[in-house]
Amino acid sequence: MKKIEVDERIQADEALHSRVLAAVSELERILGRSAPVVSARFDQVEDNDRRQLIRLTLSDFTGDVVADFAPGELTDDSQMDDRLHRLWGDLLQVRSAKQVEKLNELVKGLGD
């Protein structure tokens, strides 16, 4: 991956940190050849009920997408895989929208 950042609070929790590293490995597999242009940031956050969550932000040259994971979700391989695939799909939609926007600008510029 282009860049991976992990919140210090996650790094301080050995079990949580190892789950996040497993998620990084799975994410790199899912991204495949796109991995070198995608960055990931893992932050520890709280929801409205003060439950601890892991916030994953994926970003590339077109934008970013965010998903929150309960720590237990990171231990369920099939659930984690599904969520990471959906998040990657969301980033691809952002990328596609940006490319369509640029294409429309080019077409509009040709008509002027």
Side-chain angles (χ1 to χ4, degrees):
M1 295 188 69
K2 182 177 180 180
K3 186 176 184 182
I4 301 168
E5 296 178 75
V6 180
D7 187 303
E8 291 177 2
R9 292 173 293 175
I10 294 171
Q11 292 179 37
D13 181 331
E14 188 175 318
L16 186 56
H17 190 228
S18 70
R19 290 187 293 220
V20 165
L21 293 178
V24 168
S25 294
E26 181 63 17
L27 189 54
E28 287 178 326
R29 184 191 67 75
I30 290 168
L31 296 175
R33 296 186 320 204
S34 294
V37 297
V38 177
S39 295
R41 175 159 183 82
F42 292 86
D43 291 298
Q44 189 169 354
V45 298
E46 289 184 353
D47 68 7
N48 293 336
D49 296 323
R50 302 189 51 83
R51 291 179 295 209
Q52 296 298 312
L53 299 173
I54 304 304
R55 176 164 291 155
L56 170 57
T57 304
L58 284 185
S59 59
D60 69 3
F61 55 93
T62 60
D64 56 50
V65 292
V66 176
D68 290 339
F69 294 81
E73 287 183 285
L74 298 177
T75 61
D76 183 337
D77 291 340
S78 64
Q79 187 174 15
M80 181 178 61
D81 184 68
D82 183 53
R83 296 279 314 275
L84 292 175
H85 270 96
R86 279 191 269 146
L87 191 59
W88 173 227
D90 292 346
L91 186 57
L92 289 174
Q93 286 183 325
V94 169
R95 186 182 293 181
S96 177
K98 291 285 187 181
Q99 290 173 335
V100 167
E101 185 180 305
K102 284 183 180 183
L103 183 60
N104 285 336
E105 289 173 10
L106 286 172
V107 169
K108 184 179 176 185
L110 292 175
D112 291 341

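The shortest heavy-atom contact between D76 and S78 is OD1-OG, 3.1 Å.
Residue pairs that meet the salt bridge (charged side-chain N to carboxylate O under 4.0 Å, His left out) test with at least one member in residues 59-68, sequence neighbours left out, are R55-D68, D60-R95. Every pair passing salt bridge (charged side-chain N to carboxylate O under 4.0 Å, His left out) that includes a residue from residues 39-49 is listed here, sequence neighbours excluded: E5-R41, R41-D43, E46-R50, D47-R51, D49-R51.
Residue L21 is not grouped with residue I30 when hydrophobic side chains (ILVMFWY) are merged at heavy-atom distances under 4.5 angstrom, including chains of intermediate members. The hydrophobic clustering, which links ILVMFWY residues whose side-chain heavy atoms are closer than 4.5 Å, places V45 and L74 apart. In the hydrophobic cluster analysis, where Ile, Leu, Val, Met, Phe, Trp and Tyr join through side-chain heavy atoms closer than 4.5 angstrom, V66 is grouped apart from L56. When the side chains of ILVMFWY residues are joined at heavy-atom separations under 4.5 Å, either directly or via intervening members, V65 and L53 end up in two distinct hydrophobic clusters. Cluster annotation: V24 is connected to L58 through the hydrophobic network of ILVMFWY side chains, with a link wherever side-chain heavy atoms come within less than 4.5 Å.
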### Query
Between L27 and V38, is a side-chain contact (heavy atoms from CB on, under 4.5 Å) present by the stated rule, with each step listed?
CA-CA 10 Å; L27 189 54; V38 177; 6.0 Å; no
### Query
Could you go step by step and tell me if F69 and L84 meet the side-chain contact (heavy atoms from CB on, under 4.5 Å) rule?
CA-CA 10 Å; F69 294 81; L84 292 175; 4.0 Å; yes
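A donor-acceptor pair under 3.5 Å links the side-chain atoms of Q11 to the main chain of V6, judged by distance alone. Side chain of R9 to main chain of Q44: a donor-acceptor pair is present (N/O by atom type, distance under 3.5 Å, no hydrogens or angles).
D82 meets the side-chain hydrogen bond (donor to acceptor under 3.5 Å, both in side chains) test with R86; sequence neighbours excluded. With sequence neighbours left out, the salt bridge (Lys or Arg N to Asp or Glu O under 4.0 Å) criterion links D81 to R29. For E101, the side chain to side chain contact (heavy atoms under 4.5 Å, CB included) partners two or more places apart in sequence, or in a different chain, are E105. Residues passing the salt bridge (Lys or Arg N to Asp or Glu O under 4.0 Å) test with R83, sequence neighbours excluded: E73.
Between atom CZ of residue F42 and atom CD1 of residue I10 there is a gap of 7.5 Å, rounded to the nearest 0.5 Å. Of the inter-residue distances, the one linking S34 atom OG with K2 atom NZ reads 13.0 Å to the nearest 0.5 angstrom. Residue Q99 holds its CD atom at 12.0 Å from CG of N104, rounded to the nearest 0.5 Å. Rounded to the nearest 0.5 Å, atoms NZ (K3) and CE (M1) are 12.0 Å apart. With rounding to the nearest 0.5 angstrom, the CD atom of Q93 is 11.5 Å from the OG1 atom of T62.
I54 has its side chain within reach of L16: a pair of non-hydrogen atoms, C-beta onward, lies under 4.5 Å apart. In this structure the side chain of D13 never reaches within 4.5 angstrom of the side chain of Q52, judged on heavy atoms.
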